[in-house]
Amino acid sequence: MEWLIASVICVMTGCGVYLTLRARTFPVVLGLTLLAYAVNVFLFSMGRLQIGIPAVIDPAAAAYTDPLPQALVLTAIVIAFGMTAFLIVLALKARSELGNDHVDGLHRSDDELKATKHNSTKTETERSES
Amino acid sequence: MSLLSFNLPLAAFLPFAAAPIAAWATRYNRLASAWVAGLTTLLTLAILFPSMHAIFAGETIIQQWSWLPDIGFNIAFRLDGLALLFALLILLIGLLIIFYARYYLSAKDSMGRFYAYMLMFMGSMLGIVLSENLLQLVVFWELTSITSFLLISYWQHRQDARQGARMALAITGAGGLALLGGVLLLGHIVGSYELTQVLASGDLIRGHDLYLPTLLLILLGVFTKSAQFPFHFWLPHAMAAPTPVSAYLHSATMVKAGIFLLARFFPALSGTPEWSWLVGTAGMLTLLIGAYVALFKHDLKGLLAYSTLSHLGLITLLFGFGSQMALVAAIFHIINHATFKGSLFMVAGIIDHESGSRDMRKLNGLFKMMPHTAMLAMIAAAAMAGVPLLNGFLSKEMFFEQAISASDTTLAAWTIPALVTLAAIFSVAYSLRFIHDVFFNGEPIDLPKTPHEPPRFMKIPVDILVVLCLIVGVAPMLLIGPILSVAVAASLQAPAPEFSLAIWHGFNLPLMMSFIALVLGVAVYTVRHRLFAWHDRCLHGIEGKAVFDWLQWKTIRFAKKVTDYFDQTTLQPSVSWVIGGALVLSIITFFQFNSPLFGDRTLMEADVITILMALTLIVASLLTAVLHHQRLTSLISIGVVGLVVALGFVKFSAPDLALTQLSVEVVTIVLLLLALFFLPQHTPQERSYIRLSRDGIISISAAVAVFLLTMAVLSREYSSIANFFIENAKPGGGGTNVVNVILVDFRGFDTLGEIVVLALAGLGVFAMLEGLKLAAPAKDVEGLEWSHDPHPPIMQTLTRLLFPLMLMVAVYIFLRGHNLPGGGFIAGLIASVALISQYLANGIDWTNDRLRTDMHRIMWLGLLIASGTGVVSMLLGYPFLTSAFTYLNWPVVGKFEVASAIAFDLGVFLVVVGATVMILVELGKLSHAAHFINVEDIK
């Protein structure tokens, strides 16, 4: 089971890092969300994996799960949501003020220049339509 | 508690408290700030006055309060003879300067700002001289650097003022850091930062291995502050300050702070060859350089600046001699220098003020126009030159005597007396120049203004100082004897040696040196024009500023280069550096790890369903990454990832987490969908295979590293601190759901911080969306028109029916949270989902009509309740956020438990609801408005 969880964290981390390194805001936000999942599961697993053991005080229980990582992860999940919300709105703001959704607010390398042209004509048509 | 038990800290803090008042008072009356500053100074003097009697009786007053005793940081103040002497200098000369500046500043200058800075500086200086704790002394030391920066750059529009201030700050600030290092070492050696202990441990300090580094660091602080060679060059550039500032900071107080430290640490650090060589050499070099360069400065204040350097060097050299009598001479000269140099600076200010120039090549023959000022200047300059019957003569004689007795012990017996006589010759020459060039020597040459006597009151401070020069010069023991005696005793930490300040000691060697200096000084002055020409030809342009500027330029360029290398103003390389750096660090740590990579804990068997779920999650993650060009698809697959993670929490006995993850997942996906509406639906293809493969390598390495790390931990046994929480949850927190008890009770402060972050994120989103207008795309991804019926009736009916039910679930989850899985966070998220589904199904207008509560208020109410429960426990005398619980009996319901933690949890609940709903509704409004614009435009 441990191997399985480690692999899950591993794949989520890899995909998260890859998406975080992309040049557009939306994939970066997705990447950070994935990374947040990976980190939460990693933190949670630090209390070791336990199946079918109560987390609530019960006189009949022989053992309990480790409540500390759970408490930490619970707030981490909520904070991660706050961060995602902040980032995605930042992306919207950037898009509105800079006219594109590149993470640097502008287009740089040659391989994207063509895409830029394509994009800008599209935005113009969008504008003329609206 | 009488005033006498806390008058020292009061004296140091009073000027700081008065500074804002001075700045504020100027709004109503230009002169009010001068009154505030003057009265504050008088009040401070009055506060110190009752303690003076004890000091003259030879006592030392210490007032201390323990603050951080673990690291030896106490608030501790000390008043002894030395501190009293300096405090009097600071306050009395400060008072004269405040008086003088009121006439000096022109109508264009802001009086309030000037006096506020001045008061803050005065407070910092008092803090230095009154400190018993050395760390506290360093804090005040740095404060003088900062406040003097503000004062030097008072005329902010002038470039030389800004540059001079920056240089002074850079050098004295760096010296302050060195001093901090020295003080920390001193505290390490002695085991205490209290001056009393440090001064009593002189032998321990001198015998310690760390003596030399300690001495070097402290001397770095001293030399930078007191402008000793090779750090002397900032002082002449600080002359860009208004003249009252120069008179105060650069003659009487700030530059004397370094000297004060030499006197203060004299019993702890002096008496070694290292001390004599370092202090003596710096003093001698500064004495000579200052005296020599002063003669060649055509600027009045430049001359005075270099002469100040020279006198500071003289005092430092006396400390370097290290004998008790040298100390007497040094402290005596500190007083004398403050009086005559203070008055000379003020005279220079008057001349500048009345004639519009400070250039001695233009200023000539002013005696006819301002005879009174000229008389004052002549007496003060004569004191500076060391003419008999004036105070400068007395201390200079003592200095010569010490120079002669110091040279007995060295090889080249005549070097030191010869060098100091040389400095004295130049001192006479530049003093003569200050008088002859300015007040006689022909007629003025095209001055901007016609000079005349200044207002009567402007001269009063100068009058007072010059009269002091005369009184001390004629009857030295009368005025100076008692304070000098206690100051010397305090500096030595031993009874002061017998000394007599007399004008006549008979025909002896020092008198002959004075005579030689006077005669040769006049001779040097008569041939000055030839010397000027030679100086301009050979030594022109040799200046410390050039070295400083070069160093500064190099440092900035190097820093810029390094920054540019890592930060190419684009995000992607920065992210790569961060992740790559983390990888490299963890690999290095992996290899330093000696035990095997994996432990020997028995691992669990995996069952088929878990394997299937894990595979689903892996596939969904990979799909998110691979299909990220199609944004909607990748958003759906990331939703799958989140849901499977929630299921995983269920499987591994974490019901609270599963509930949280599930509700957060719903909210997150709705949020991202709303945002995606305004973003391009596709990400353009990247063509750079180099970048793709580089990113691939980084991602795979990160993934492998995390895998290894996770397995390394999971395959080992561990001991948890969880037992404490499990054992105390019920008896201490009154709840059986340990996770919730940790959140609202054991670690309540953390939770409070977290909900504050969430509220701030909500506010940030609100602020960014304020006034934002985005046009909605005309068609969806597939190129289809948007539906004209955004709120289908089936969904409307269903959500309206479900709404009370959902809220009830939220309330239920909230109430049971303390004992069973649930609690404020989860209930808050469920309630948010209930509200958001109303907005989604029925539209914003419909819902807003029925839900008139502002989400901001909900958020603030939540924060208020959460912090309120903490404050209540404080009011009851318990630490912040202590919880209590009791059992109540209600008819019908029966016996149940009430814990104060539930109020805290209510706060959490409200903040989560407020922030979540606000974020989503604000985004929803944006899209609503966009639709509206679109429909209008199409029509």
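All chains are named by letter (A, B, ...) in the order of the sequence lines, taking the proteins before the strands, and each is independently numbered beginning at 1. Keep in mind that what you see is a predicted model, and the values were worked out from it rather than measured.
A heavy-atom distance below 4.5 Å is found between the side chains of B/D607 and A/M1. Using a 4.5 Å heavy-atom cutoff, the side chains of A/P67 and B/I726 are in contact. B/T683 has its side chain out of reach of A/R22: every pair of non-hydrogen atoms, C-beta onward, lies at least 4.5 Å apart. Contact annotation: the side chain of B/D750 never approaches that of A/T75 to less than 4.5 Å [non-hydrogen atoms, C-beta and beyond]. Residues B/I919 and A/F86 fail the side-chain proximity criterion, which asks for heavy atoms closer than 4.5 Å. Annotation: side chain of B/F649 is not in contact with side chain of A/Q70 (no heavy-atom distance under 4.5 Å). Looking only at side-chain heavy atoms (C-beta outward), B/N819 and A/V56 stay at 4.5 Å or farther from each other. The shortest side-chain heavy-atom distance between A/F26 and B/H628 does not fall under the 4.5 Å cut-off.
At least one donor-acceptor pair under 3.5 Å links the side chain of B/Y718 to the backbone N or O of A/G47. Judged purely by atom type and a 3.5 angstrom limit, A/R48 uses its side chain to pair as donor or acceptor with the backbone of B/R716. Here the side chain of A/D66 pairs no donor or acceptor atom with the backbone of B/A722 at under 3.5 angstrom.
Each of B/I611, B/I618, B/L615 was compared with A/L4 under the side chain to side chain contact (heavy atoms under 4.5 Å, CB included) criterion, and only B/I611 meets it.
Using a 4.5 Å cut-off between heavy atoms, B/E665 touches chain A through its side chain atoms alone. The contact between B/F725 and chain A is made entirely by side chain atoms (from C-beta outward), counting heavy-atom distances below 4.5 Å. Using a 4.5 Å cut-off between heavy atoms, B/I579 touches chain A through its side chain atoms alone. Of the two parts of B/L622, the backbone and the side chain both hold a non-hydrogen atom closer than 4.5 Å to a non-hydrogen atom of chain A. Using a 4.5 Å cut-off between heavy atoms, B/E727 does not touch chain A at all. Looking at B/A614, the atoms closer than 4.5 Å to chain A (heavy atoms on both sides) sit in the backbone and in the side chain alike.
Interatomic distance, OG of B/S574 versus CG of A/D104, reported as 8.0 Å (0.5 Å rounding). Here A/S7 contributes atom OG and B/M711 contributes atom CE; the two are 8.5 Å apart, rounded to the nearest 0.5 Å. Here CG of B/L709 is found 4.0 Å from CZ of A/F42. Values are rounded to the nearest 0.5 Å. Considering CG of B/L603 and CD1 of A/I5, their distance stands at 12.0 Å, rounded to 0.5 Å.
Remark: B/R747 CZ is loosely packed, at most 12 non-hydrogen atoms of other residues, nucleotides or ligands lying under 6.0 Å away.
Among the candidates B/N740, B/V706, B/V713, the residue making the largest number of heavy-atom pairs closer than 4.5 Å to chain A is B/V713. In terms of heavy-atom pairs under 4.5 Å with chain A, the best-connected choice from B/V664, B/V575, B/L743 is B/L743. Taking chain A as the reference chain and counting heavy-atom pairs below 4.5 Å, the highest number among B/V667, B/L635, B/V704, B/V908 is found for B/V667. Ranked by heavy-atom pairs under 4.5 Å with chain A, the list B/V912, B/L659, B/T668 is led by B/T668. Chain A forms more heavy-atom pairs under 4.5 Å with one residue of B/A675, B/A729, B/P655 than with any other, namely B/A675. In terms of non-hydrogen atom pairs under 4.5 Å with chain A, the most contact-rich of B/L679, B/N737, B/L758 is B/L679.
Note that A/R95 lies outside the cation-pi zone of B/F678, set by a 6.0 Å cut-off to the ring centre and a 45° limit from the axis.
Using bins of under 30°, 30° to 60° and over 60° for the plane-to-plane angle, the ring pair B/F652/A/F44 lands in the tilted bin. Using a 30° and 60° split on the angle between ring planes, B/F598 and A/W3 fall in the perpendicular class, above 60°.
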>> Run B/V645 and A/M12 through side-chain contact (heavy atoms from CB on, under 4.5 Å) and show every step you take.
In response: CA-CA 11 Å; B/V645 169; A/M12 285 197 290; 4.3 Å; yes
>> With side chain to side chain donor-acceptor pair (under 3.5 Å) as the criterion, how do B/S653 and A/Q50 come out once you've worked through the C-alpha distance, each side chain's angles and the decisive distance to 0.1 Å?
In response: CA-CA 6 Å; B/S653 326; A/Q50 274 138 353; over 6 Å; no
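A salt bridge links A/E2 to B/R601: one of the charged nitrogens lies within less than 4.0 Å of a carboxylate oxygen.
Nearest heavy atoms, B/S621 versus A/C15: O-SG, 3.5 Å. A pairwise comparison of heavy atoms in B/I698 and A/V17 identifies CG2-CG1, 4.2 Å as the closest pair. The heavy-atom pair separating B/R631 from A/P27 by the smallest distance is NH2-CD, 4.0 Å. Residues A/L49 and B/M604 come closest through the heavy atom pair O-CE, 2.9 Å.
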